[in-house]
Amino acid sequence: MHPLKKKLVTAAAAVGAAGLVLAGGPAVAASASTAPGNGGHHGQEYIRGFLRGPTAVSSAPIVPLRLSGVVNARGSINLGGNSSVADIPTFKGTLAVEHGNPSPPPQINHRTCRATDTIRTWTRVLGSQSSGVFRGARGHGRATAVFSYILPRLNNGKCDLNAKPEPHRALILFYAHGSLQLRHHHDHQ
């Protein structure tokens, strides 16, 4: 398999690992409401993250995240590996999420030599594998991760599809959203 394709497929599986709670689009704070009858807290949860530079091309990039909506917190996700479950540790607990593992082909702009891999996947909260305020939670949604790299040029001016990406011009963008229902009412804000 072509080295760039292999790296981006690994990253796609990882995003599958990143797949989180939730669908692409800028995060917008959502108001949470109390679920009738069970003391739970539910509403929309938004997750966004950004990573730039050499760590974005590592085999296991850790993307810092901001969660907002039902639970407002900062966390991170490790995009390495090919598991269909991703953990998002935060100071309020760890959110475990099952996700798809799509591996779309990267898009290459031959004028700029920028390779971009956009991964979109479904997600489902695994409350039994989560901890803290997320223990027993339920929910589902969509996630989108964008991996973008600049490839070096060959002597003939073409993009070198077999070379390692330029680390200082690499970036990862992550957006997710979906429903989140917490089992117990706590101070989530």
Side-chain angles (χ1 to χ4, degrees), residues 1-27 45-68 71 73-109 112-126 129-131 134 141-152 159-178:
M1 177 182 283
H2 177 285
L4 173 65
K5 173 111 171 130
K6 183 176 181 183
K7 174 132 183 101
L8 292 177
V9 166
T10 299
V15 142
L20 299 306
V21 208
L22 329 175
E45 187 72 9
Y46 297 84
I47 299 176
R48 67 180 174 202
F50 176 83
L51 184 62
R52 172 176 284 203
T55 55
V57 294
S58 72
S59 61
I62 296 175
V63 178
L65 300 174
R66 175 177 273 227
L67 290 75
S68 61
V71 176
R74 291 191 182 273
S76 63
I77 187 162
N78 183 330
L79 298 185
N82 59 9
S83 173
S84 63
V85 175
D87 288 332
I88 302 169
T90 76
F91 66 91
K92 293 186 178 183
T94 297
L95 176 61
V97 182
E98 180 181 30
H99 53 80
N101 281 324
S103 58
Q107 300 298 311
I108 299 173
N109 180 325
T112 63
C113 287
R114 180 165 290 280
T116 304
D117 194 14
T118 302
I119 296 125
R120 293 179 178 88
T121 188
W122 57 270
T123 61
R124 182 173 66 93
V125 174
L126 299 174
Q129 295 178 33
S130 298
S131 67
F134 301 108
R142 308 256 330 137
T144 299
V146 178
F147 295 84
S148 186
Y149 309 93
I150 298 291
L151 298 169
C159 305
D160 187 350
L161 303 179
N162 295 312
K164 289 184 179 180
E166 294 179 12
H168 295 287
R169 298 179 71 189
L171 63 92
I172 299 172
L173 302 171
F174 183 83
Y175 300 103
H177 81 269

Q: Please step through side-chain contact (heavy atoms from CB on, under 4.5 Å) for the pair Asp160 and Leu151, ending with a clear verdict.
A: CA-CA 6 Å; Asp160 187 350; Leu151 298 169; 5.6 Å; no
With [X] via side-chain contact (heavy atoms from CB on, under 4.5 Å) - residues at least two apart:
X: Ser130; result: Leu95, Ala96, Phe134
X: Ser131; result: Thr94
X: Pro64; result: Leu51

What's the spacing between [X] [atom1] and [Y] [atom2] if we round to 0.5 Å?
X: Arg52; Y: Phe50; atom1: CZ; atom2: CZ; value: 4.0 Å
X: His177; Y: Ser68; atom1: NE2; atom2: OG; value: 11.5 Å
X: Ile172; Y: Ser58; atom1: CD1; atom2: OG; value: 7.0 Å

(Q) Run Asp117 and Val146 through side-chain contact (heavy atoms from CB on, under 4.5 Å) and show every step you take. (A) CA-CA 6 Å; Asp117 194 14; Val146 178; over 6 Å; no
Looking at every non-hydrogen atom in both residues, tell me the closest pair between [X] and [Y] and how far apart they are.
X: Ala60; Y: Asn78; value: CB-OD1, 3.4 Å
X: Pro54; Y: His168; value: CG-CE1, 3.6 Å
X: Ile77; Y: Asp87; value: CG1-O, 4.1 Å
X: Glu45; Y: Val71; value: OE2-O, 2.6 Å
X: Ile62; Y: Ser76; value: CG2-CB, 3.8 Å
X: Val97; Y: Leu126; value: C-CD1, 4.2 Å

(Q) Could you check whether any side-chain N or O of Glu98 sits under 3.5 Å from a backbone N or O of Thr123, counting only pairs where one atom can act as donor and the other as acceptor? (A) no
Q) Would you say Thr90's side chain and Gly75's backbone share a donor-acceptor pair under 3.5 angstrom? A) no
Q.
Could you walk me through whether Gln129 and Val85 satisfy the side-chain contact (heavy atoms from CB on, under 4.5 Å) test, starting with their C-alpha distance in whole Å, then the side-chain angles of each, then the deciding distance to 0.1 Å, before giving a yes or no?
A. CA-CA 10 Å; Gln129 295 178 33; Val85 175; 3.9 Å; yes
Got [X] and [Y] here, is their nearest side-chain heavy-atom distance under 4.5 Å?
X: Leu67; Y: Tyr46; result: no
X: Phe147; Y: Ile119; result: yes
X: Thr55; Y: Pro61; result: no

**Q.** Worked check of side-chain contact (heavy atoms from CB on, under 4.5 Å) between Leu161 and Ile108
**A.** CA-CA 9 Å; Leu161 303 179; Ile108 299 173; 3.3 Å; yes
Q: State which residues pass side-chain hydrogen bond (donor to acceptor under 3.5 Å, both in side chains) with Arg114; sequence neighbours excluded, sorted by chain then number.
A: Ser148
